[in-house]
Amino acid sequence: MSSVEARLFHGTRDVLPSELLPQKELVATLTRTFEAFGFAPVETPAMEYVDILLGKYGAEGEKLIYKLAYDDGNTLALRYDLTVPLSRLVAMHPELPKPFKRYQIQPVWRADRAQPAQGRFREFIQCDVDTVGTSSLVADAENLAVVHAGILASGMDGFVIKINHRKLLRGMMAYAGLPSTRDKEILRVVDKLDKIGLDEVISELGLIGVPVEAITKLVDLMQLTGSPEVVLGEARRRLTGVAEADTGLLEVEAMLGHTRALGVPETRLRVDLSLTRGLDYYTGPVYEIVTTEIERFGSLGGGGRYDDLLSLFGGEPVPATGVSIGLTRLLAALVKLGKLRARESATDLLISRFSDTPVDLALKVASNLRSQGFAVEWYYEADRLKKQFQYAERKGIPIVVILGASEVERGDVTAKCLATSEQVTLSYDAMTLWIREKLAARAM
RNA sequence: GUGGGUGUAGCUCAGUUGGUUAGAGCGUGAGAUUGUGGUUCUCGAGGUCGCGGGUUCAAUUCCCGUCACCCACCCCA
């Protein structure tokens with residue numbers, strides 16, 4: 001057999017214990033949050049028929065779909081997001097009671113140019129919550145409350161949720177005297193405001209033939225800043241009489257009211273009239289979570305309402321709304337900020353051994369400790385104690401249990417807490433209590 | 001897909017104005033009187049100098065190509 005270089009496809013990554021342990025904890029927290037809002041879990045296959053995915057994301061997005069070289073190369077593709085597979089699933093299961101509230105934590109694939117420093121990968125995990133079958137803006141507000149709680153729970157504290165509305169955007173186009181047929185190309189430029197700056201946006205809009213007066217009108221609106229009330233109030237003043245804008249404004253106001261009632265602090269919410277979001281399927285409120293702690297880092301999550309997507313799979317239109325947390329990117333951000341509490345192992349106790357340790361007796365002690373609920377690891381070799389302690393140190397195992405001939409003889413057990421250097425020799429029962437105490441203190 | 005940059009040990013990098021045995025720090029392995037870690041000290045392992053071709057007596061060093069990676073744009077999670 002010839003050997004091959006061990007390597008990884010660009011944009012994919014291995015996740016080692018030090019990162020996966022905290023990730024799993026975070027997923028457990030997210031799951032609890034999702035379920036607290038009434039969402040139930042679902043999983044869908046990694047691959048879908050190509051035509052299920054086409055025509056939903058827009059030209060830009062569609063280019064990034066990984067098509068599989070299966071059959072004629074035009075049959076299967078890896079899923080690009082979790083929203084379209086959910087829509088397909090709901091269309092196939094009309095018996096599901098509506099509103100259908102589901103969460104889904106699975107990887108998606110995008111043939112993007114990966115840039116790990118910006119949290120961009122070709123394979124990453126999304127955590128979606130979606131509510132299918134209601135037009136209530138409370139569902140949108142719940143999306144915001146859920147991501148707010150989820151991102152906060154991850155330990156990330158510098159973030160804001162940017163909010164806009166597709167109808168408001170169309171109203172802005174009308175107000176500027178621009179045809180709705182051009183909204184995609186124009187709004188794409190508008191969306192770049194905070195990245196390329198005002199002057200660049202103005203000149204790019206000029207380049208694609210937008211009249212100067214229209215640019216002025218758009219840009220003046222986009223630049224509104226301040227609290228949601230201020231921005232909405234000013235937008236309302238300027239957009240009076242534009243029907244679509246009016247609907248959008250009313251919906252954003254209602255949604256924000258519900259969101260505050262759900263306990264999301266005002267300071268986290270920004271109405272940003274330059275936010276458009278690239279995916280084609282959004283029809284109502286749209287939102288995007290951005291970190292304020294890292295320059296030029298992609299969004300931590302995003303979502304919005306997509307009332308027309310379900311009808312693309314036949315049948316009647318079903319209103320739906322959802323939001324996604326980019327788990328892989330969120331973790332990458334936490335690592336970059338040094339906020340991830342890394343841990344090499346989930347083990348609580350390491351049972352050390354010597355050449356004179358009666359192995360099977362010590363294994364019974366290990367089993368007993370496991371049945372008490374502790375995570376217990378056995379040290380296989382009768383190495384020098386120094387080496388056994390070094391091993392525990394490196395893996396972040398908090399307590400070393402020493403069980404040698406002298407302990408066996410006396411019928412007790414010795415244990416040392418590495419963090420505090422405390423060492424005690426106690427009876428088995430007393431030891432259980434002592435260990436529990438030390439582990440509890442550590443968790444603080 | 002477009003523009004710029006970088007490829008030397010597991011990681012971060014030095015170096016050779018072209019010359020025979022290519023270095024450091026970190027990490028890693030062993031040890032400093034055989035039941036005690038995080039500090040220190042000693043010794044060791046580990047490199048076809050990205051790959052292919054060219055110039056040359058001689059290339060890791062110069063030239064060309066190629067691949068990979070990084071950064072920015074685009075877009076997003």
Side-chain angles (χ1 to χ4, degrees), chain A residues 5-11 57-65 79-83 105-128 147 150-151 159 184 187-189 191-192 195-196 200 204 275-280 282 286-291 295-304 322-333 350 352-357 379 382-408 414-423 425:
Chain A
E5 188 196 350
R7 70 215 133 102
L8 224 38
F9 180 55
H10 185 222
Y57 303 114
E60 291 295 316
E62 210 150 277
K63 277 191 264 176
L64 304 182
I65 294 174
R79 64 169 165 248
Y80 174 92
D81 72 354
L82 301 179
T83 306
I105 301 175
Q106 286 193 284
V108 303
W109 294 269
R110 295 186 189 177
D112 220 342
R113 258 204 98 132
Q115 262 169 242
Q118 291 173 14
R120 283 176 67 152
F121 303 94
R122 303 218 256 222
E123 175 183 67
F124 56 93
I125 297 171
Q126 291 195 313
C127 309
D128 268 41
V147 285
I151 299 212
F159 70 95
K184 273 182 210 163
L187 294 176
R188 173 144 24 130
V189 178
D191 192 41
K192 294 198 262 181
K195 279 180 191 156
I196 63 176
E200 270 296 306
E204 273 193 42
L275 174 73
T276 70
R277 295 189 55 74
L279 302 182
D280 269 7
Y282 292 119
V286 289
Y287 14 88
E288 191 163 293
I289 301 92
V290 296
T291 170
E295 292 287 317
R296 268 197 293 277
F297 200 79
S299 62
L300 300 177
V323 71
S324 178
I325 295 175
L327 184 70
T328 306
R329 181 172 283 172
L330 178 57
L331 267 295
L350 178 73
S352 69
R353 63 160 297 196
F354 309 96
S355 46
D356 60 5
T357 301
Y379 197 93
D383 284 334
R384 296 174 313 149
L385 244 206
K386 176 190 177 88
K387 207 177 164 195
Q388 304 193 35
F389 269 88
Q390 278 173 344
Y391 176 78
E393 181 73 34
R394 283 182 51 192
K395 287 192 52 170
I397 298 171
I399 294 172
V400 174
V401 173
I402 299 171
L403 198 58
S406 29
E407 279 79 11
V408 173
T414 300
K416 182 168 183 179
C417 171
L418 294 193
T420 62
S421 293
E422 272 177 275
Q423 179 163 327
T425 299

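Labels below follow one simple rule: chain letters A, B, ... track the order of the sequence lines, proteins then strands, and each chain is numbered from 1.
In this structure, A:Phe124 packs face-to-face on the six-membered ring of B:A77, meeting both the 5.5 Å centre cutoff and the 30° plane limit.
The shortest distance between the side-chain N/O atoms of A:Arg113 and the OP1/OP2 oxygens of B:C75 is not below 4.0 Å. Neither OP1 nor OP2 of B:A30 sits under 4.0 Å from any side-chain N or O of A:Arg384.
Residue A:Glu407 is classed as a base contact, given a heavy-atom separation below 4.0 Å to a base. Within 4.0 Å of A:Ser421, counting heavy atoms only, lies at least one base atom of the nucleic acid. At a threshold of 4.0 angstrom between heavy atoms, the contacts of A:Gly301 are confined to the sugar-phosphate backbone, with no base atom among them. Using a 4.0 Å heavy-atom distance criterion, A:Tyr391 is classed as making no nucleic acid contact. Among the protein residues, A:Gln126 comes within range of the sugar-phosphate backbone only, with heavy atoms under 4.0 Å from sugar or phosphate atoms but none that close to a base. Among the protein residues, A:Gln115 comes within range of the nucleic acid bases, having at least one heavy atom under 4.0 Å from a base atom. Among the heavy atoms of the strands lying under 4.0 Å from A:Asp112 is at least one base atom, whether or not backbone atoms are also near. Among the heavy atoms of the strands lying under 4.0 Å from A:Gly119 is at least one base atom, whether or not backbone atoms are also near. Nucleic acid contact class of A:Leu418 (heavy atoms, under 4.0 Å, all strands): base. Residue A:Leu279 is in sugar-phosphate contact alone, with no base atom involved, counting any heavy-atom pair closer than 4.0 Å across all strands shown. A:Arg110 comes within contact range of at least one nucleobase, with a heavy-atom separation under 4.0 Å.
When side chains are defined from C-beta on, A:Asp81 counts as touching A:Tyr57, because their heavy atoms get closer than 4.5 Å. No side-chain heavy atom of A:Val400 sits under 4.5 Å from any side-chain heavy atom of A:Gln388. Side-chain atoms of A:Arg329 and A:Arg120, non-hydrogen and from C-beta on, do get closer than 4.5 Å to each other. Side-chain contact between A:Ser352 and A:Leu385 is present, with at least one heavy-atom pair separated by less than 4.5 Å.
The separation between A:Gln118 atom CD and B:C73 atom C1' is 10 Å, rounded to whole Å. Note: NZ (A:Lys386) to C1' (B:U39) measures 10 Å, nearest angstrom. Atom-to-atom, CZ of A:Arg120 to P of B:C74 comes out at 10 Å; the value is rounded to the nearest Å. The OH-P distance, from A:Tyr80 to B:A77, rounds to 7 Å in whole Å. Separating the OH atom of A:Tyr57 from the C1' atom of B:A77 is a distance of 13 Å, rounded to the nearest angstrom. Spacing between atom OH of A:Tyr379 and atom C1' of B:G37 amounts to 12 Å, rounded to whole angstrom units. Look at CD on A:Glu288: it is 9 Å from C1' on B:A77, rounded to the nearest Å. In this structure, NE2 of A:His10 is placed 18 Å from P of B:U6, rounded to the nearest angstrom.
In this structure A:Phe389 satisfies the ring pair (Phe, Tyr, Trp, His ring centres under 6.0 Å) test with no other residue, sequence neighbours excluded.
Distance check on atom C1': B:C75 versus B:G15 gives 42 Å, rounded to whole Å. B:A58 and B:G18: their C1' atoms are spaced 8 Å apart (whole Å). As rounded to the nearest Å, B:G10 and B:G47 have C1' atoms that lie 12 Å from one another. Rounded to a whole angstrom, the distance from the P atom of B:G1 to that of B:C62 is 29 Å. Nucleotides B:G46 and B:A30 are separated by 16 Å at their P atoms, to the nearest Å. For the P atoms, the distance linking B:G23 with B:U17 amounts to 15 Å, nearest Å. The C1' atoms of B:G25 and B:A72 are separated by 31 Å, rounded to the nearest whole Å. Here, B:G44 and B:U36 have their C1' atoms 26 Å apart, quoted to the whole Å.
There is a side-chain donor-acceptor pair under 3.5 Å between A:Tyr391 and A:Lys395.
Mapping A:Tyr282 and A:Thr414 onto RNA chain B by nearest heavy atom places A:Thr414 closer to the 5' end of the strand. Checking A:Ala405 against A:Asp81, the closest nucleotide of RNA chain B that is more toward the 5' end is the one next to A:Ala405.
For the atom pair CG (A:Leu330) and CZ (A:Phe297), the distance works out to 8.5 Å, reported to the nearest 0.5 Å. The CG atom of A:Leu300 lies 8.5 Å from the CZ atom of A:Phe159; values are rounded to the nearest 0.5 Å.
Listed nucleotides: B:C75, B:A77, B:U28. Nearest to the side chain of A:Arg394: B:U28. Distance from the side chain of A:Arg277 is smallest for B:A77 among the nucleotides B:C70, B:A77, B:C75. For A:Lys416, taking side-chain heavy atoms from C-beta onward, the closest of the listed nucleotides B:C73, B:U36, B:A77 is B:U36.
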Carefully, step by step, assess A:Asp112 and A:Arg122 under the rule salt bridge (charged side-chain N to carboxylate O under 4.0 Å, His left out). CA-CA 6 Å; A:Asp112 220 342; A:Arg122 303 218 256 222; over 6 Å; no
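Counting distance only, with no hydrogens placed and no angle test, the side-chain atoms of A:Gln423 and the base atoms of B:U36 include a donor-acceptor pair under 3.5 Å. Put simply, the side chain of A:Gln390 and the base of B:G37 share no donor and acceptor less than 3.5 Å apart. For A:Lys63 against B:G1, a side-chain-to-base donor-acceptor contact under 3.5 Å is absent.
A:Glu422 has no carboxylate O lying under 4.0 Å from a charged side-chain N of A:Lys416, or vice versa, which leaves the two without a salt bridge.
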Base-pair string, RNA chain B, Watson-Crick plus G-U, cut-off 3.5 Å on both distances, | for inter-strand, is (((((((..((((.....[...)))).(((((.......))))).....(((((..]....))))))))))))....
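For the side-chain contact (heavy atoms from CB on, under 4.5 Å) with A:Asp128, the lone residue among A:Val108, A:Thr83, A:Ile325 that qualifies is A:Thr83.
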